[in-house]
Asker: 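Okay, here's the structure, questions in a sec.
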Amino acid sequence: SPADQNADNVYEVIVEVSDGAGGTDQQTILVTVNDLAATVAVDSTLDTVNGDTSSIEALNGNKGADGVITLREAILAANNTPGLDTITFALSGTGVHTIVLTSALPRITDEIVIDGWSQSGFSGTPLVELSGSLAGPGANGLRISAGSSTVRGLTINGFGGSGILLDGIGGNLIVGNWIGVSQSGTSGAANSIGIDATTSDNIIGGTGVNDRNVISGNTTANIRITGPVSGNDILGNYIGLSADGTAAIASSGDGILLSGAFNTTIGGNGPTNGNVIAGSTNSSISLLDNSSATIIQGNLLGVNASASAS
């Protein structure tokens, strides 16, 4: 059978022919096989690395001495696997599973989907929590430099840097996360910045209930976009509110801070496009450094989601 002797997806196929009179000839043909999009399932809340992270295929085949796959291992393996990859969660037990990081996770350098919705039991409330309480000063929760990536269904809190940092290449989708709040969604568990973007064409939130991010309690800003960048959309989120939208969660910074960000859309004219923005000591929305052509439409400012209380 063909063998991938160098583990580089190049297989040696040996073809032998006979002339029927006892004569034979052989020829070796090299066949390159391209990996399809790969999936790896995180099945442990540990923060260790002892599996083979040279690729997702390798990690699935060799989880290491502990026999589990951690989020840190999954990210390393995905970075080493070209193409769009998916990290899912298969953590045993019910309720919220907390991954306490002991240092910043690796920077994400290859397109990825990190899918908290995949955790068994998910029904709208995130069941996977990333805690930065032991990650060290200035650590970010997730740093995505690859672009064209998706993060959904996570709680991210307690980081000295940003809950999610989007740098490098843009075009990312951030939906259905709780950032800067506790796992109950009722109180703050601050990052310095909730979502910090220095790239273009990102979408933060969406029009569906499960697309809504809860981004609250973060100390510098709940969302900060710094340019020159353009084409970012912020829609359908609770910013500075509890997850049920009934009460403010205080932030000492701005709700949304744009600096040199062009053509940003905050909200929209659809019935579920608007953000609800409250709880900020500074401005609900702050536009600095020629953040021109910004559309602000259909949002509720300074009140709860039902506009019944401030």
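Being a predicted model, the structure only gives us computed values, none of them experimental.
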Asker: By the rule that ILVMFWY residues connect when side-chain heavy atoms come within less than 4.5 angstrom, directly or transitively, which residues belong alongside L76?
Answerer: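 Reading the cluster by chain and number, L76 sits alongside V49.
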
Asker: Any side-chain to backbone donor/acceptor pair from N218 onto I179? Under 3.5 Å, distance only.
Answerer: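 At least one qualifying donor-acceptor pair exists.
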
Asker: Hydrophobic clusters join Ile, Leu, Val, Met, Phe, Trp and Tyr when side-chain heavy atoms are under 4.5 Å apart, directly or via other members; which others share one with I193?
Answerer: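 Direct or chained contacts put I193 with none.
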
Asker: Can you name the salt bridge (Lys or Arg N to Asp or Glu O under 4.0 Å) partners of R212, sequence neighbours left out?
Answerer: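 Here no residue qualifies.
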
Asker: Picking from N202, D201, N232, what satisfies side-chain hydrogen bond (donor to acceptor under 3.5 Å, both in side chains) with N172?
Answerer: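 Passing option: N202.
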
Asker: Sub-3.5 Å donor-acceptor pair from the side chain of N157 to the main-chain atoms of S131, do we have one?
Answerer: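 Here the side-chain-to-backbone pair does not exist.
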
Asker: Evaluate the side-chain proximity of W117 to N210: yes if any heavy-atom separation is below 4.5 Å, no if none is.
Answerer: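 In contact.
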
Asker: Looking at residues at least two apart in the chain, or sitting in another chain, which of them share a side chain to side chain contact (heavy atoms under 4.5 Å, CB included) with T70?
Answerer: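 With sequence neighbours excluded, T70 shows a side chain to side chain contact (heavy atoms under 4.5 Å, CB included) to S44, L46, T48, R72, E73, given in chain and number order.
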
Asker: Can you tell me if S308 and N304 form a side-chain donor-acceptor pair at under 3.5 Å?
Answerer: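 N304 and S308 do have a side-chain donor-acceptor pair below 3.5 Å.
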
Asker: What donor-acceptor contacts under 3.5 angstrom involve side-chain atoms of residues 253-264, with partners at least two apart or in another chain?
Answerer:
from	atom 1	to	atom 2	distance (Å)
D254	OD1	S283	N	3.0
S259	OG	D289	OD2	2.7

Asker: Could D211 and R152 be called an ion pair, given the rule that one side-chain N must be under 4.0 Å from one carboxylate O?
Answerer: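 Salt bridge: no.
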
Asker: Restricting to side chain to side chain contact (heavy atoms under 4.5 Å, CB included), what partner residues turn up for I249, sequence neighbours left out?
Answerer: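 With sequence neighbours excluded, I249 shows a side chain to side chain contact (heavy atoms under 4.5 Å, CB included) to V181, S216, S242, given in chain and number order.
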
